[in-house]
Amino acid sequence: THITTKVSKQLPPLTDIKMTFEFCTDVHCFNDIYAKVVSVQNTSQGFIHDLRITYIDPEDREIVSDLTRVDPVSRPI
């Protein structure tokens with residue numbers, strides 16, 4: 001699983017990242033997610049980093065997957 005993010009400073013490839021989410025849903029608080037920088041692009045808006053998730057709690061993975069899944073029935077044509 002990958003994440004793309006914009007960061008103001010360039011992080012070198014292979015840098016290990018710990019992402020801490022300080023919010024909870026009604027029934028769940030997210031644990032830390034760990035990732036590694038796999039590529040960086042310098043753009044006029046900042047550095048675009050592609051991260052590969054190296055660890056995510058299985059319950060968090062399921063919730064993130066549900067939140068990012070696109071329902072083909074409701075997607076505009």
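- Atom OG1 of T20 and atom OH of Y34 lie 7.0 Å apart (nearest 0.5 Å).
- Considering NZ of K36 and CG of D50, their distance stands at 15.0 Å, rounded to 0.5 Å.
- Nearest heavy atoms, K9 versus H49: O-CE1, 3.4 Å.
- Atom CG of D16 sits about 12.5 Å away from atom NZ of K18, to the nearest 0.5 Å.
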Inset, instruction - Show your working on side chain to side chain contact (heavy atoms under 4.5 Å, CB included) between T5 and L51 and close with a plain yes or no. - result: CA-CA 8 Å; T5 185; L51 310 176; 3.9 Å; yes
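- Annotation for K6: atom NZ does not count as buried by contact number, only 12 or fewer foreign heavy atoms lying within 6.0 Å.
- Taking every heavy atom of both residues into account, V37 and V40 meet most closely at CG1-CG2, 3.7 Å.
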Inset, instruction - Tell me, with the steps shown, if H2 and I53 meet side chain to side chain contact (heavy atoms under 4.5 Å, CB included). - result: CA-CA 6 Å; H2 284 82; I53 294 176; over 6 Å; no
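- No more than 12 heavy atoms of other residues, nucleotides or ligands lie within 6.0 Å of CD in E62, so this atom counts as exposed by the packing criterion.
- Taking hydrophobic clusters as Ile, Leu, Val, Met, Phe, Trp and Tyr residues chained together by side-chain heavy-atom distances below 4.5 Å, I56 shares a cluster with M19.
- Residues I48 and T4 are in side-chain contact: their nearest non-hydrogen atoms beyond the backbone lie under 4.5 Å apart.
- To the nearest 0.5 Å, atoms CZ (R52) and OG (S39) are separated by 12.0 Å.
- Remark: side-chain polar atoms of D60 are paired, donor with acceptor, to backbone N or O of N31 under 3.5 angstrom.
- In terms of hydrophobic clustering, with Ile, Leu, Val, Met, Phe, Trp and Tyr side chains grouped at heavy-atom distances under 4.5 Å, I17 and V38 are assigned to different clusters.
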